[in-house]
Every structure is written in C-alpha cells, then in structure tokens.
Number of protein chains: 2
Amino acid sequence: MSICYVNGRYLPLAHASVNVQDRGYQFADGIYEVIAVKNGQLWDEEWHLDRLERSLAEVQIAMPCTRPALKHIIRQVIQQNCNVEGGLYLQVSRGVASRDFAFPKPAPKPSLVVYIMPRRLGQSTKGVRVITIPDMRWKRCDIKSIALLAPVLGKQQAKEAGAFEAWQYVDGIITEGTSSNAWIVKNNTIITHPASPAILNGITRMRLLALAKENGIAIEERPFTVAEAHDADEAFASASTMVVVPIIKIDDAVIGNGNVGALTMRLRGLYEEAFKKLITD
Amino acid sequence: MSICYVNGRYLPLAHASVNVQDRGYQFADGIYEVIAVKNGQLWDEEWHLDRLERSLAEVQIAMPCTRPALKHIIRQVIQQNCNVEGGLYLQVSRGVASRDFAFPKPAPKPSLVVYIMPRRLGQSTKGVRVITIPDMRWKRCDIKSIALLAPVLGKQQAKEAGAFEAWQYVDGIITEGTSSNAWIVKNNTIITHPASPAILNGITRMRLLALAKENGIAIEERPFTVAEAHDADEAFASASTMVVVPIIKIDDAVIGNGNVGALTMRLRGLYEEAFKKLITD
C-alpha cells in the first residue's frame, strides 16, 4: 500500500485528498518535481529542490515549509514506502481559496503532496520511435507547472501512433519531448536545445551535459530542426526516471543505421556510473 | 454554508475533496464552465452545456453523466444553496488514475464538481481600466480547460497595476482578457476578435453578438490591434457573471471622452432585458 504525504498527514494514497477549491485543481496553479529514488537514495535531490524553488518563485508561491523540513518529509515518505524504487512525486500548489483568478490575499498555506510512483528506473535500453508534433504549449515551459494538458494530449498522440514519445516543434525547431528532453548526435557531437523559456531545463539534461563535458564529449546547446533530427546519426530522450532512452526512428526516418547509438549508450553508462558512485558513497 | 456536489455526494464546500491523483490536480486534465444563476434560473444554460460537451470532446473526456442527469445535479445544487445569486461552477476532469501523461486505459470515471460562487451578477457599470500584456497561453484557448496558470499570472499582473483586467495580445493583436472577451467600438461598430483557437468563444460574447444583430447594431468580428484599442471610441469586457463591464482606459490611453460608452450601455441594457424576459417566462 502506497503512503502519501498530504498537508501534514501520511495516508494511504487512495485516501489522500485535497479540497476541490485547491488552486492546483481549479487553476493548475502549482509546481511539481519528480526525483528518481532507489535504495533510499535520491538522484540529484539538491538540483531538483533548487529547480522547485525557482519555479515556485517564478509564480510567486511560497515554499510550503523550509527546505530541511521538506527533505525530512521526503525521507519519511521513502521510509514509509519501504525504500521502493521509482519516481518521488512532489507537488506544491498555491493552496485553498475561494475561486478568483488573481492570487488570494492573504496568501493561503501552500498545499504539499509527496508520494512515490513505483517503477524501475532507466529501463528502456532498446531503441524506440518518436513522432514530431507542433508545440501547443504556453510560453513559459521553463516553469515546471502542473498545467500539463498540452503535453498530455501530445503524449496520447504519440501512444496512438505507436510511438514512445512526441517531440514538439515551433517553427520547425524541436524544443523537447512531452515529458523528456530531446537530443541528437551528429558527427560525434551531442546536440540539444539550449535552456530557455521554450523548454524545461531537465535535471537529467544538466547532469548529462556535465558528464559529457567531464569526459571530453563534444556538446552543442543550440536549436535543431526536424530535418536535422531525421538526418541525425543518433538520437535519445532524457528524463529523471527514464534516464537515457535511445531513439532509432523519428517519424518515418530511420536514425543512423537503425540501431541504438554508441555515444547514446556511452552517456547512459556514464550516468549510471555516476549514480552508482553516489549510492555507494 | 455552501453545498457542493462532488462525485455523487452533496457536501459542505469545505469538506468537498478529490483524490490527489485526480488528473485535474496533476495534469490540469479537465474542463470547466461558469453559468450565471439568479432566482433559481440559469442564463443560457444550454449554450454552456453545449460548450462543455464540445470542450470535453476536444480532449476526449466523456461526459460524467447524461445531460439530463447533469441538469438535475445542477438544480439540486441551486436548491440546496437556497437559490443564491452567483456563478454556478462546474468542473469535469478525466478522473483518478496512476500518474502517467497518456490517457489512462481503461478510462476512469470522470470527476464532477458543481457548486455556486455567490456574487452579484453584472455589478460593475462604472468604467474600469485594463492593461495590455503579451498572451502567454497555449494554442487551444477555444478549449475551456482548467490549465489556467497563464491567465492567473495575467490577472495578477492587472491587479498589481491597479487595473480590472489584462487584455492579452499576440503579434500586436488583442485576443481577449484573462477571464473575459475584449470589445472595442469605433464609428458605432462593435469590434471583437473572431472565434478561433486563439480565444474562448464566450457565451456572453455569443449572446451579445446575437442581440446586436437583432437590434441593427453594426458588428465586425475581426482581429484588432493594441493601437486600435487605444484609439477606440468605447471599449468593454464581457463574461458570464460580470456581463458587460465598460472600460474607460486601456494602458494609459483614455478611451473616447473618458466616460462609459453609450453603445456599451445600450448592449448591457439589451442583455439585461433579454434575461429579465427569460426569468419571467
């Protein structure tokens, strides 16, 4: 039975509830994070909490508690769920108030929900297919908000096309996947959209860039087109729980020789090595 | 004490809750309507329910029950709230499921919430000020979804500027307000953005267009610029509970002679007359 922290209580997930006037429910007025957790260890927790604080600040929601208190709650949730492997889901909304678009005054207490989505981390190593779709989202994708209807519709479109993910594009430029960052490899250089309001700056994205730099792998953080993606030598997606997923087909274009890319697997290996080290430290 | 319908039960609003895994809470995966209600009568109920069904169909959420059953629930809520005047709030989400971007399979039962936000309808007849801001929203504003974080931030920006509302623009074209449609009057013609994915086709907007047509008032449904708005003879906002709100200043530009516009008040009068008729029928 999954245990969920919700506004001061630890409850079975099925009984964890929030008021219908929670602004997360009526206005998507909230922020979330998903942190990979395994053997009781969190991957890049500080970076995730830094990003949480940044997103909250961008929409002027206060932290629901101090960072040490939040880390304590996170650890309680991990312990109460018997160190299950998965994605630790953390959501903060502006709280409960009578419905009105502007921020309530005085500010209500922000709502906090923390639980674990059990899943095996980084499980897809065989190549997958992605499709490309127009990016329908708002103009502040750098804020990790719960206003996720556009990505929901995009991911569903991918699923119906028999694909793993949908890469979104604006004016022919790939921004990112619906729940992952998008990468291509050309001439042994890894290429990904620069951090900007057009994408979420993924924690796994940042970690992979750091690892590539440390290991002398050439990087270009620059916009790339759908046509460049179709013509890439390799391609992959990154996100916290999927880690690095090799892509062998984009729309109908076979990528490289149709096999999982060597540089892709090297990066995945470097990431796994980094976190094995973290866990054994 | 306000009574709220939530998934089969009528409860005090403060005790009406939904599960934290409701997709409305985690993904803004839901649709809403606000219907003006007074003396137990709903204004343009059928048009609102038509739009609800259309929005739900666009995101492939099933109606939570048949339309007659929904109308019965709405009437129960009105009766249990002693015919209070206000905005009847109705929200449907895709329901509760383990968190995953794509639609859950099999589809969960959609969640339904109905309650009344008590307020006096159409209360602002003195002129107000609006500001103009960049439109940050997604590309399907014709769907009345609960993914409202961009409008929340826009309305807050208006409030902090001491304004009533913010009119959003794309490439210099005014689309609409954060929770109302935008109108200007020039040379006795009322001008408003055409229905398109860039705006929500307001029910009050549609009703006002019908009343203008019936009463021989010239209409142009066409895009208009921020500069045109600044130079307008009159301006107003429309929405279900605010009805018609005269605007006398846009940014720093005084509209017309700085007084509430005559055609604006004529339209407001026609609307009030139409609904007085409806109520006494």
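Throughout, a chain's letter reflects where its sequence line sits, starting with A, and its residues are numbered from 1. Given the structure is predicted, the values throughout are model-derived calculations rather than measurements.
Counting heavy-atom pairs closer than 4.5 Å to chain B, the top residue among A:L13, A:D135, A:D29, A:V59 is A:L13. Residue with the most contacts toward chain B among A:S2, A:A150, A:A147, A:A16: A:A16 (heavy-atom pairs, distance under 4.5 Å). Interface check for chain A: of the options B:Q26, B:R23, B:H15, the most heavy-atom pairs under 4.5 Å are formed by B:Q26. Ranked by non-hydrogen atom pairs under 4.5 Å with chain B, the options A:K159, A:Q60, A:R140, A:K155 are led by A:K155.
Of all non-hydrogen atoms in B:L149 and A:W138, the two that sit nearest each other are CD2-CH2, 3.9 Å. Among all heavy-atom pairs drawn from A:Y32 and B:R99, the shortest one is CE1-NH2, 3.2 Å. The two residues A:I146 and B:Y25 have their closest heavy-atom pair at CD1-O, 3.4 Å. In terms of heavy-atom proximity, B:A14 sits nearest to A:N19 at O-ND2, 3.1 Å.
A:V152 touches chain B through backbone and side chain together, each having a heavy atom under 4.5 Å away. For A:R137, the part lying under 4.5 angstrom from a heavy atom of chain B is the backbone only. Proximity to chain A is limited to the side chain of B:E160, based on heavy atoms less than 4.5 angstrom apart. Only the side chain of A:Q21 comes within less than 4.5 Å of a heavy atom in chain B; its backbone stays farther off. Of the two parts of B:M117, only the side chain, counted from C-beta on, holds a non-hydrogen atom closer than 4.5 Å to a non-hydrogen atom of chain A. Proximity to chain B (any heavy atom under 4.5 Å) is restricted, for A:V6, to the side chain, taken from C-beta onward.
Although no hydrogens or angles enter the test, the distance criterion places no donor-acceptor pair under 3.5 Å between the side chain of A:D22 and the main chain of B:S17.
Once rounded to the nearest 0.5 Å, the distance linking CZ of B:F101 with CG of A:L153 reads 11.5 Å.
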